[in-house]
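Everything on this sheet refers to the single structure shown next.
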Amino acid sequence: MLLVALLDGQRIDATTLSRASWLELQNSEKRKRLVLPGCGIRAVAKPRGERTQYFAHLSVRECKVDHGGESPQHLAMKEALRDRINAVEGWHAIVEHPHDSREWIIDVLAESDGFRRRVAFEVQLSSQSPAKYQHRSQRYFTDGLFPVWIVPRRPEDNLIRVPLVVTGFGKSSEIPAATGRLMDLDVTCDFREDRTLGTFVDNLLQRGHGWNHGSPNDQAARHKKRTESDARLRDEARRRQEAIDERIEEMNQDSAAPEAAFGAHTVLTEDGPFIWASLSQCWRCEHPMLLWDAEPSTPGRQYLSVPTLDVKREVGTKRYESDAAVHAVLDVWMHAVRADVQKANIKLRRSKKKAAEYSAFVCPECDALIGQMFISCLRPEKWSLISAPLLKKQASTTVPTKPEGRNDPRKGKQQKQRSPVVVPKERPLYKRPTVPEELQADRKKSWAEIHSPDGVAEARRKFMGTAAPYRGN
């Protein structure tokens with residue numbers, strides 16, 4: 001369905017003809033001279049219902065131009081746009097304006113009276129791919145026109161943006177009796193803040209479009225440039241990281257634990273620091289040196305074990321490794337093991353990345369910076385503990401008892417303690433000694449007689465096996 005045809009080179013808009021004029025055109029000999037402006041194929045004037053008038057191909061097989069299928073809603077929107085554009089002072093509308101190449105047709109072209117500004121309105125009620133939006137929009141930008149797409153709903157998101165106005169009016173929407181009512185539709189737009197379609201058209205023509213994204217080709221070029229720049233930055237970052245990893249591996253290969261060279265020896269102190277050391281060499285002049293990491297101990301505390309080594313990755317202007325007490329213990333250890341290497345120096349250096357100063361190890365020979373980050377990446381086996389406070393030999397296993405007079409807050413108020421009940425031990429009863437059987441022969445004797453001197457003498461004789469009576473002296 002097309003709204004415009006050419007009659008002897010003159011444009012005929014089907015929406016501007018009355019019903020009587022339309023019937024007269026259909027029945028006159030002029031109908032045989034009607035051609036479509038885009039393709040030059042002979043046109044036929046047709047009606048649809050009582051309100052819709054349009055042109056169609058007499059033979060669509062000969063047409064090589066993509067006119068696109070147009071629904072009644074499409075025609076109504078083009079008619080409403082035409083009337084609104086013509087109502088703006090200094091502007092006029094051309095419906096179905098063909099390009100000079102006749103390869104494509106603009107739904108509604110808005111031209112300023114001085115022909116200095118042109119806006120192409122495209123009514124797109126059917127779905128269309130992002131690539132199609134980009135291709136068709138680029139044609140307008142290349143030709144010096146600013147395109148505006150009137151769509152019922154927002155298409156799928158795409159990296160390349162095109163000027164879209166979402167109206168909610170589609171192929172199945174009801175067409176108002178007066179097509180001008182379509183200008184009252186609420187719209188959403190990314191590059192303007194107008195609330196209705198009519199105010200959008202007015203402000204677009206009078207104040208300019210305000211589109212800052214450029215054509216699809218410009219956006220694609222910027223995206224390609226940004227993508228290439230990001231890839232280049234990632235590649236540079238990867239190469240830098242590979243160089244850092246290589247330097248870390250070289251430093252690990254050039255470092256060793258001090259006990260490997262001087263034997264295991266740890267300076268024990270009362271409240272002194274924990275000190276770990278590593279033998280390394282300068283990356284520039286290959287001068288050997290001693291690096292160390294220190295951690296203060298708590299005075300009076302008895303340690304059960306040595307803390308885990310955690311070499312600092314970043315340091316400030318002051319660091320514990322430069323403390324005089326740490327250097328004193330280092331000197332004692334070096335004297336004890338007769339170390340033949342120098343201690344690295346600690347000096348202030350400025351970080352370009354953070355624009356701040358920090359205390360860094362430097363080579364004692366050439367003053368080259370030994371980066372703290374590289375030191376922190378030395379593997380644990382490259383370090384030895386050379387100083388530690390006295391460790392507690394064995395942890396107490398005694399379970400602490402609850403002090404008297406204190407309450408356990410988890411058990412509420414303390415209950416009064418009762419004295420334990422003491423159960424006396426059973427004592428064995430005393431048994432009176434029995435009289436031997438041989439002494440019980442004479443049961444007529446009384447106790448006094450048995451225990452008299454004569455009775456005792458008689459019993460002794462019986463016990464000794466002497467039957468003869470005791471006569472005395």
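The minimum heavy-atom distance linking Trp292 with Ile275 is given by the pair CB-CG2, 4.2 Å. For the pair Leu279 and Ala261, the tightest heavy-atom approach, listed with the atom from each and the gap, is CD1-CB, 3.8 Å.
For Arg238 and Asp235, the salt-bridge test passes: some basic side-chain N is under 4.0 Å from an acidic carboxylate O.
Between Phe141 and Phe146, the ring planes lie perpendicular to each other; the angle is over 60°, past the 30° to 60° tilted range.
When each of Val148, Leu145, Val162 is tested with Tyr140 by the rule side chain to side chain contact (heavy atoms under 4.5 Å, CB included), just one qualifies, namely Leu145.
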Check step by step if side-chain contact (heavy atoms from CB on, under 4.5 Å) holds for Arg247 and Ile244.
CA-CA 5 Å; Arg247 177 70 188 93; Ile244 291 174; 5.6 Å; no
The test is salt bridge (charged side-chain N to carboxylate O under 4.0 Å, His left out); show your working for Glu357 and Lys318 and say whether it passes.
CA-CA 10 Å; Glu357 290 186 339; Lys318 295 182 180 180; over 6 Å; no
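By the side-chain hydrogen bond (donor to acceptor under 3.5 Å, both in side chains) test, Arg82 pairs with Asp13, Thr15, sequence neighbours left out. Trp276 meets the ring pair (Phe, Tyr, Trp, His ring centres under 6.0 Å) test with no other residue; sequence neighbours excluded.
The closest side-chain donor-acceptor pair between Gln372 and Tyr358, if any, does not fall under 3.5 angstrom. A side-chain donor from one of Ser126 and Gln124 sits under 3.5 Å from a side-chain acceptor of the other.
No donor-acceptor distance shorter than 3.5 angstrom exists from the side chain of Arg84 to the backbone of Asp202, with no hydrogens or angles considered.
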